[in-house]
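A short worksheet on the structure shown next.
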Amino acid sequence: MAIVFDLEFTAWQGSMARQWLDPGQFREVVQIGAVKLENLEVTDTLNLLVKPRINPILSDYLVALTGVTNAAVAERGMDFFDAYRVFVDFAGDGPLCAFGRDDLVLLENLSLYGIADAPALPRYVNAVPLLVENGIDPRGFHACDVARLCGAEFEGREHDALEDARSVALGLKTLIGRGARNILL
């Protein structure tokens, strides 16, 4: 069993280029999406909305990018620490895998909120090196692009954490099916 996940976090126009260095701008998690894989097939999913603590009102930029609305977060969102624990429980023994270092964003949020007693994340694997090993240059792309970059068709909504996790999982399945090493073992 392995977990492929993706995060959406607070952002503003240009915040990625500025690496979230503007005063008061932090990468606060607003959505955790994950798929559980057994033999590279999705057997379960997790989709959590999270209420950011420092910037509780999502920017128009983030809403347009992700489709996550302030109303949805107010209605269905949970505190980050509660969402983190649900995610860790869902992950079990892992391993965890994402496109890039979303594991560090989770740890960054624990630190940002002063949470010291959190359960540890399972072993983490970054999908990016596997793409590079297989001749795929991921620079300038996002998790939502992974399936297509790997030659698979994917029609999920871009920048939705659950759909992006599905894209990464499908991309990995496609590469591994063509003989790439299985980083999820």
Asn126 side, atom CG; Leu96 side, atom CG - distance, nearest 0.5 Å: 12.0 Å
Distance, nearest 0.5 Å, that separates CG of Leu107 from CG of Leu121: 5.5 Å
Single-linkage hydrophobic cluster Leu46~Val50, side-chain heavy atoms < 4.5 angstrom: yes
Shared-cluster residues of Leu185, by chain and number - hydrophobic side chains joined below 4.5 Å: none
Selection residues 163-185 - residue pairs positive for ring pair (Phe, Tyr, Trp, His ring centres under 6.0 Å), sequence neighbours left out: none
Taking every non-hydrogen atom, the tightest pair across Leu170 and Ala147: CD2-CB, 4.0 Å
Pairs involving residues 106-121, ordered by first then second residue, that meet salt bridge (Lys or Arg N to Asp or Glu O under 4.0 Å) (sequence neighbours left out): Arg27-Glu108
Partners meeting side chain to side chain donor-acceptor pair (under 3.5 Å) with Asp103 (sequence neighbours left out): Arg101
Residues, nucleotides or ligands: over 12 heavy atoms within 6.0 Å of Glu38 CD: yes
Residue pair Ser59 / Ala11: nearest heavy atoms and the distance that separates them: OG-O, 2.5 Å
Residue Asp93 excluded, over 12 heavy atoms near CG under 6.0 Å: no
Pair listing, side chain to side chain donor-acceptor pair (under 3.5 Å) test, anchored in residues 65-81, at least two apart: Arg53-Asp79
Crowding at CG, Asn39 (>12 non-hydrogen neighbours, <6.0 Å): no
Evaluation steps, side-chain contact (heavy atoms from CB on, under 4.5 Å), between Leu106 and Phe5: CA-CA 11 Å; Leu106 290 170; Phe5 77 103; 3.9 Å; yes
Considering all heavy atoms, the nearest Gly92-Pro122 contact: O-CG, 3.3 Å
Spacing of Asp164 atom CG and Asp145 atom CG [to the nearest 0.5 Å]: 8.5 Å
Under 3.5 Å donor-acceptor, Gln31 side chain and Ala161 backbone: yes
Same cluster (ILVMFWY, side-chain, under 4.5 Å), Met16 and Leu112: yes
Cluster link Leu104 to Ile115, ILVMFWY, side chain under 4.5 Å: yes
Main-chain N/O of Leu7 paired to Asp102 side chain as donor or acceptor, under 3.5 Å: yes
Ring pair (Phe, Tyr, Trp, His ring centres under 6.0 Å) partners of residues 14-73, not counting sequence neighbours, each pair once: Phe9-Trp20
Side-chain touch Arg85/Pro119, heavy atoms, less than 4.5 angstrom: yes
Centroid separation Phe81 to Tyr113 less than 6.0 Å: no
Gly67 to Arg157 - nearest heavy-atom pair and separation: N-NH2, 3.4 Å
Qualifying side chain to side chain donor-acceptor pair (under 3.5 Å) pairs with a residue from residues 5-19, counting only residues at least two apart or across chains: Arg18-Asp22
Minimum heavy-atom distance Phe87-Ala34, with the two atoms named: CE1-CB, 4.0 Å
Where at least one partner belongs to residues 149-185, residue pairs that pass ring pair (Phe, Tyr, Trp, His ring centres under 6.0 Å), sequence neighbours excluded: His142-His159
Connected-component partners of Ile183 among ILVMFWY, side-chain separation under 4.5 Å: Val4, Val35, Leu37, Leu40, Val42, Phe99, Val125, Val128, Leu130, Leu131, Val132, Ile136, Phe141, Val146, Leu149, Leu162, Val168, Leu172, Leu175, Ile176, Leu184
Connected hydrophobic set around Val63, excluding itself, where side chains approach under 4.5 Å: Val30, Leu49, Leu58, Leu62, Val68, Val73
Residue pair Phe90, Asp44: steps toward the side-chain contact (heavy atoms from CB on, under 4.5 Å) verdict: CA-CA 9 Å; Phe90 179 80; Asp44 201 1; 3.6 Å; yes
Within residues 170-185 or reaching into it, pairs that qualify as salt bridge (Lys or Arg N to Asp or Glu O under 4.0 Å) - sequence neighbours excluded: Glu41-Lys173, Glu133-Arg181
Inter- and intrachain pairs under ring pair (Phe, Tyr, Trp, His ring centres under 6.0 Å), touching residues 164-185, at least two apart: none
Contact summary for Ile32 and Val29, nearest pair of heavy atoms: CG1-CG1, 3.7 Å
